[in-house]
Amino acid sequence: MAGLAIVLAATGLYVGFFVAPTDHQQGEVYRIIFLHVPAAWMSMFIYVAAAIHAGLGLIYRTRISPLLARALAPTGAMFTVIALWTGAAWGKPTWGAWWVWDARLTSELILLFLYLGYIGVSSAIEDTTRADNAGAIVLLAGVVNVPIIYFSVQWWSTLHQGATIRLDAAPSMAHTMLLGMLLMALACWAYTLAVCLVRTRCLIRERAAQEQL
């Protein structure tokens with residue numbers, strides 16, 4: 001998965017920065033979307049996946065589920081930071097400001113705080129069962145923020161542009177632009193799986209060592 005992530009990212013960046021045409025409205029600055037959009041997608045998807053695993057552990061007491069939630073959270077937080085940072089880099093030349101309290105930007109920032117809150121709660125409690133349960137409550141309570149992020153541009157008057165890729169309409173971009181974005185999205189998926197598997201293996205070993213003490 002790590003090797004696949006490297007190949008996909010290299011190909012996606014090449015297509016996005018060297019093959020895709022210049023946008024007729026935004027110029028070259030639009031190429032930030034090849035980093036920004038996949039990172040934003042993954043920040044939301046990983047949070048939902050982590051919340052599902054945490055919920056399974058809380059309800060059914062499955063041993064692996066809380067570990068998967070813990071393994072996913074740092075990667076989700078990283079993608080959220082990338083989405084916020086690249087969004088600010090795009091907003092400065094486009095809006096004339098690094099940050100505005102736009103509905104989507106604000107809800108994405110709240111997502112970062114939810115990630116950090118979960119990581120903090122899970123790390124602060126020594127008893128692993130109590131830590132897993134408390135972390136699961138944080139994740140499950142924050143799930144409501146994900147649809148707010150996604151639909152914010154439809155629900156409120158916002159500076160952020162609407163969705164370029166929709167299930168009910170053809171993409172409003174050139175095919176090479178779409179290809180570069182999808183390759184980068186797949187690279188993010190592969191990276192997430194690779195890191196999650198390695199981190200989960202480490203957590204399993206840590207739990208096993210604690211049980212032997």
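Throughout, residue positions are numbered sequentially from 1 according to the sequence presented. Small disclaimer: the values here were computed from a predicted structure and weren't measured.
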**Q** Specify the closest pair of heavy atoms between V143 and A51, including all atoms of both residues, with the distance to one decimal.
**A**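 Heavy atoms of V143 and A51 come nearest at CG2-CB, 3.4 Å.
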**Q** How long is the straight-line distance from CD1 of I6 back to CE of M1, given to the nearest 0.5 Å?
**A**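 If I round to the nearest 0.5 Å, the distance is 13.5 Å.
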**Q** Shortest non-hydrogen contact from A69 to A50?
**A**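 Reported closest heavy-atom pair: CB-O, 3.5 Å.
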**Q** Going by distance alone, is a donor N or O of one side chain under 3.5 Å from an acceptor N or O of the other, for Q210 and T128?
**A**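 Absent: no donor and acceptor within the cut-off.
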**Q** Could you report the tightest heavy-atom contact between G180 and F34, atom names first, then the distance?
**A**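 Scanning both residues, the minimum pair turns out to be C-CD2, 3.8 Å.
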**Q** Whether the side chain of T86 engages the backbone of A83 through a donor-acceptor N/O pair (distance < 3.5 Å, no angle test) should be reported.
**A**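 At least one qualifying donor-acceptor pair exists.
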**Q** Does Y14 have more than 12 heavy atoms from other residues, nucleotides or ligands lying within 6.0 Å of its OH?
**A**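 Not buried by this count: 12 neighbours or fewer within 6.0 Å.
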**Q** Tell me whether W98 shares a hydrophobic cluster with V100, the cluster being built from Ile, Leu, Val, Met, Phe, Trp, Tyr side chains joined at under 4.5 Å.
**A**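 W98 and V100: separate clusters.
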**Q** With no hydrogens and no angle check, do the side chains of R199 and T75 hold a donor and an acceptor under 3.5 Å apart?
**A**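 On atom types as modelled, these side chains qualify, holding a pair under 3.5 Å.
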**Q** Once rounded to the nearest 0.5 Å, what's the spacing between atom CZ of R70 and atom OG of S123?
**A**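 Between R70 CZ and S123 OG, I get 6.5 Å after rounding to 0.5 Å.
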**Q** If I compare all heavy atoms of A187 with all of L8, which pair ends up nearest, and what's the gap?
**A**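 What the structure gives for the nearest pair is CB-CB, 3.6 Å.
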**Q** Would you say that M177 contacts M181 through its side chain, given a criterion of any heavy-atom pair below 4.5 Å between the two side chains?
**A**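 Heavy-atom side-chain distance check fails, nothing below 4.5 Å.
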**Q** Please check if W85 and Y191 belong to a single hydrophobic cluster, counting links between Ile, Leu, Val, Met, Phe, Trp and Tyr side chain heavy atoms closer than 4.5 Å.
**A**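 Not linked; separate clusters.
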**Q** Which atoms form the tightest heavy-atom contact between N145 and S107, and what is the distance?
**A**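 Reported closest heavy-atom pair: ND2-O, 2.9 Å.
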**Q** More than 12 heavy atoms of other residues, nucleotides or ligands under 6.0 Å from CZ of R61: yes or no?
**A**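 Correct, the count exceeds 12.
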**Q** Would you give the length of the straight line joining atom CD1 of I125 to atom CG of D127, rounded to the nearest 0.5 angstrom?
**A**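 I125 atom CD1 to D127 atom CG measures 8.5 Å (nearest 0.5 Å).
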**Q** Knowing that exactly one of L112, I46, L116 qualifies, which makes a side-chain contact (heavy atoms from CB on, under 4.5 Å) with T80?
**A**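 Option passing the side-chain contact (heavy atoms from CB on, under 4.5 Å) with T80: L112.
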**Q** Nearest 0.5 Å, what's the CD1-NE2 distance between I64 and H53?
**A**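 Answer for the CD1-NE2 pair, I64 versus H53, is 9.5 Å.
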**Q** Treat each ILVMFWY residue as a node, draw an edge where side-chain heavy atoms are under 4.5 Å apart, and state whether L72 and V121 are in one component.
**A**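 Yes, L72 and V121 fall within the same hydrophobic cluster.
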**Q** Measure the shortest side-chain to side-chain distance between L68 and L203 over non-hydrogen atoms and say whether it is less than 4.5 angstrom.
**A**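 The answer is no, as the side chains (C-beta and beyond) never meet within the 4.5 Å cut-off.
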**Q** If you group Ile, Leu, Val, Met, Phe, Trp and Tyr by side-chain heavy-atom gaps below 4.5 Å, do I59 and I52 land in one group?
**A**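 I59 clusters together with I52.
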**Q** Following the transitive rule for hydrophobic clusters with a side-chain heavy-atom cut-off under 4.5 Å over Ile, Leu, Val, Met, Phe, Trp and Tyr, establish whether V138 and L58 coincide in one cluster.
**A**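 Cluster IDs for V138 and L58 differ.
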**Q** For W90 and R31, what are the C-alpha separation, side-chain angles and deciding distance, and is it a side-chain contact (heavy atoms from CB on, under 4.5 Å)?
**A** CA-CA 9 Å; W90 177 83; R31 298 186 192 277; over 6 Å; no
**Q** Please answer whether the main-chain N or O of G142 pairs with a side-chain N or O of Y118 as donor and acceptor at a distance below 3.5 Å.
**A**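 Not at all, since once roles are kept as given, no pair shorter than 3.5 Å links the two residues.
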**Q** Do the charged groups of D132 and R207 touch, with an N to O distance under 4.0 Å?
**A**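 Counted as a salt bridge, because a side-chain N and a carboxylate O are separated by less than 4.0 Å.
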**Q** Are V29 and I32 side-chain neighbours, meaning at least one heavy-atom pair lies under 4.5 Å?
**A**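 They are in side-chain contact.
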**Q** Under a 4.5 Å cut-off applied to non-hydrogen side-chain atoms, are N133 and R130 in contact?
**A**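 No, too far: nothing below the 4.5 Å cut-off.
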**Q** Do L111 and E108 pass the side-chain contact (heavy atoms from CB on, under 4.5 Å) test, and can you show the C-alpha distance, the side-chain angles, and the key distance before you say yes or no?
**A** CA-CA 5 Å; L111 183 66; E108 184 75 7; 4.0 Å; yes
**Q** Quick one: CE on M184 to CG on L182, what's the gap to the nearest 0.5 Å?
**A**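 M184 atom CE to L182 atom CG measures 11.5 Å (nearest 0.5 Å).
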**Q** Centroid-to-centroid, W189 to F45, below 6.0 Å?
**A**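 Yes; F45 has its ring centre under 6.0 Å from that of W189.
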**Q** Are there over 12 heavy-atom neighbours, none belonging to E126, within less than 6.0 Å of that residue's CD?
**A**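 No - once you tally the heavy atoms of other residues, nucleotides and ligands closer than 6.0 Å, there are 12 at most.
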**Q** Are the side chains of F79 and C188 in contact, using a 4.5 Å heavy-atom criterion?
**A**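 Yes, their side chains come closer than 4.5 Å.
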**Q** Between T200 and A71, what is the shortest heavy-atom contact and its length?
**A**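 In terms of heavy atoms, the two residues are closest at OG1-CB, 3.3 Å.
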**Q** Are the side chains of W99 and L109 in contact, using a 4.5 Å heavy-atom criterion?
**A**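 They are in contact (side-chain heavy atoms under 4.5 Å apart), so the answer is yes.
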**Q** Ignoring hydrogens and geometry, is there a side-chain-to-backbone donor-acceptor pair from R104 to Y150 under 3.5 Å?
**A**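 Here the side-chain-to-backbone pair exists.
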**Q** Could you grab the distance from atom OG of S43 to atom CG of L114, nearest 0.5 Å is fine?
**A**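 So the gap between those two atoms works out to 11.5 Å.
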**Q** Taking Y115 for its side chain and Y47 for its backbone only, find out whether a donor-acceptor pair lies under 3.5 Å.
**A**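 Yes, Y115 side chain to Y47 backbone: donor-acceptor pair under 3.5 Å.
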**Q** Before giving the answer on side-chain contact (heavy atoms from CB on, under 4.5 Å), spell out for I110 and I148 the whole-Å C-alpha distance, their side-chain angles and the decisive distance to 0.1 Å.
**A** CA-CA 11 Å; I110 292 173; I148 291 176; over 6 Å; no
